[in-house]
Amino acid sequence: MLAVDSTRYCVSKYTIPQPVDVKFSSLEAELRAILVEKSVCHGNFTLASGARSDFYVDAKLTTSDPRAALLVGRVGWRLVKETATARNVHVDSIGGLTMGADWMALSIGIAAYLDSPSIDIQTFSVRKSAKKHGRHKRIEGNFSEGQTVVVVDDVITTGDSTLQAIEAIEADGGKIAFVIVLVDREEGGRENIEQRGHTVVPIFTRADLIGTDAGRRSHIAVA
């Protein structure tokens with residue numbers, strides 16, 4: 001999800017408060033704190049959909065942060081395991097559309113390996129268009145036809161980026177197990193993806209981030 005802004009502010013330094021919301025585990029609470037402090041931005045933004053919003057989640061500031069990446073991996077892998085068990089599916093690989101999915105997929109893949117090296121979970125990245133030279137691949141990394149994959153994305157608004165990844169994976173013979181997103185802005189993206197028959201499991205929603213950020217926001221407009 002891209003944005004152009006005229007005026008904005010983001011907080012670049014963060015502290016980790018003690019978790020107080022029983023809805024979240026300590027790992028999730030810490031990850032949410034980093035998201036709020038590093039990635040929640042306020043100003044005047046144009047989203048990729050063309051809609052205007054005074055609320056933007058620059059999630060890559062979190063997913064590229066080493067400490068946060070560890071948390072994304074551990075929380076994300078736990079969610080992958082729980083969802084795969086509940087749906088009785090075996091997951092071969094994890095990936096999504098560059099670049100929103102890239103750091104997130106690798107973090108979860110590393111967490112999976114650290115949890116159990118015998119679990120052969122691979123990661124990959126979907127290009128926005130096929131490479132013009134070499135092997136002319138649309139999907140880079142450890143993906144092959146017939147694999148069952150978890151599609152990930154850092155933020156969904158309309159769901160278009162996630163759907164682009166799904167279409168590319170299916171075109172190359174992959175099967176979609178389900179979708180994991182770091183932040184669901186709750187603006188129709190989840191519904192758009194689920195209308196295509198794919199379950200979407202968010203780690204956090206817009207409401208989760210607004211709730212923790214309420215003390216320093218003036219208002220959050222629905223884009």
Side-chain angles (χ1 to χ4, degrees), residues 1-3 39 47-50 57-65 68-69 72-73 75-77 79-81 83-84 87 89-113 119-185 187-204:
M1 183 179 70
L2 303 176
S39 295
L47 305 179
S49 64
V57 182
D58 192 354
K60 295 170 190 62
L61 290 173
T62 294
T63 56
S64 64
D65 177 280
V72 169
V75 172
W77 173 235
L79 197 55
V80 168
K81 287 193 296 182
T83 308
R87 296 179 61 82
V89 296
H90 172 79
V91 175
D92 298 304
S93 194
I94 300 171
L97 192 71
T98 192
M99 1 181 353
D102 294 347
W103 286 313
M104 188 174 171
L106 187 57
S107 293
I108 297 174
I110 291 171
Y113 180 80
I119 298 176
D120 186 21
I121 296 290
Q122 298 295 314
T123 62
F124 64 89
S125 178
V126 179
R127 291 178 175 270
K128 294 179 181 177
S129 59
K131 195 173 181 180
K132 302 300 182 182
H133 59 280
R135 298 176 66 185
H136 302 279
K137 294 193 294 183
R138 176 80 187 274
I139 302 178
E140 299 286 359
N142 295 286
F143 167 84
S144 58
E145 182 179 357
Q147 284 187 338
T148 298
V149 310
V150 172
V151 176
V152 296
D153 212 340
D154 56 358
V155 180
I156 57 169
T157 303
T158 63
D160 285 351
S161 294
T162 307
L163 288 170
Q164 285 183 53
I166 288 171
E167 289 167 1
I169 292 163
E170 291 181 331
D172 278 10
K175 302 173 184 178
I176 310 303
F178 47 88
V179 177
I180 299 284
V181 298
L182 181 59
V183 179
D184 175 10
R185 283 181 57 102
E187 295 177 26
R190 178 175 181 173
E191 291 78 6
N192 288 340
I193 298 165
E194 290 185 338
Q195 284 176 4
R196 305 285 186 93
H198 305 294
T199 298
V200 179
V201 185
I203 297 175
F204 301 108

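Predicted, not measured: the structure shown is a model, and the values here were computed from it.
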Of all heavy-atom pairs linking Val155 and Val57, the shortest is CG2-O, 3.9 Å
Check your understanding: Is the shortest heavy-atom distance from the side chain of Val179 to the side chain of Ile166 under 4.5 Å?
Key -> yes
**Request:** Kindly determine whether Arg127 and Lys137 satisfy side-chain contact (heavy atoms from CB on, under 4.5 Å), including the steps that lead there.
**Result:** CA-CA 8 Å; Arg127 291 178 175 270; Lys137 294 193 294 183; 5.9 Å; no
Hits for side-chain contact (heavy atoms from CB on, under 4.5 Å) against Ala111, two or more places apart or cross-chain, chain-then-number order -> Trp77
Applied to residues 165-184, the side-chain hydrogen bond (donor to acceptor under 3.5 Å, both in side chains) test, sequence neighbours excluded, yields Glu167-Arg196
In terms of heavy-atom contacts, Gly189 and Ile156 come closest through C-CD1, 4.2 Å
Sorted by chain and residue number, the side-chain contact (heavy atoms from CB on, under 4.5 Å) partners of Asn142 (sequence neighbours excluded) come out as Gln122
By side-chain hydrogen bond (donor to acceptor under 3.5 Å, both in side chains), Thr199 pairs with (sequence neighbours left out) Arg87
For Thr162, the side-chain hydrogen bond (donor to acceptor under 3.5 Å, both in side chains) test, sequence neighbours excluded, returns Asp153
Sequence neighbours excluded, the answer for side-chain hydrogen bond (donor to acceptor under 3.5 Å, both in side chains) partners of Thr62 is Ser39
When rounded to the nearest 0.5 Å, the distance separating CG of Asp154 from CD1 of Ile203 is 10.5 Å
Applying ring pair (Phe, Tyr, Trp, His ring centres under 6.0 Å) to Phe204 and not counting sequence neighbours gives Phe24
Step by step, would you call Thr158 with Glu187 a side-chain contact (heavy atoms from CB on, under 4.5 Å)?
CA-CA 7 Å; Thr158 63; Glu187 295 177 26; over 6 Å; no
Q. Can you tell if the side chain of Leu163 reaches within under 4.5 Å of the side chain of Ile193, non-hydrogen atoms only?
A. yes
Closest non-hydrogen atoms of Val91 and Ile121, given as atom of the first, atom of the second and distance, are O-CD1, 3.1 Å
Scanning both residues in full, the closest heavy-atom pair of Val126 with Ala168 reads CG1-CB, 3.6 Å
Donor-acceptor pairs are to be reported for all side-chain atoms of residues 94-106 against protein atoms at under 3.5 Å, with residues two or more places apart or in another chain.
from: Thr98; atom 1: OG1; to: Asp102; atom 2: OD2; distance (Å): 2.6
from: Asp102; atom 1: OD1; to: Ser125; atom 2: OG; distance (Å): 2.7

Taking Thr148's backbone N and O only, do any of them form a donor-acceptor pair with Asp92's side chain (distance below 3.5 Å, no angle check)? yes
Applied to residues 145-178, the ring pair (Phe, Tyr, Trp, His ring centres under 6.0 Å) test, sequence neighbours excluded, yields none
Sorted by chain and number, sequence neighbours left out, side-chain contact (heavy atoms from CB on, under 4.5 Å) with Glu194 holds for Arg190, Val200
Ring pair (Phe, Tyr, Trp, His ring centres under 6.0 Å) pairs touching residues 137-158, sequence neighbours excluded, are Phe124-Phe143
So ring pair (Phe, Tyr, Trp, His ring centres under 6.0 Å) across residues 145-164, not counting sequence neighbours, yields none
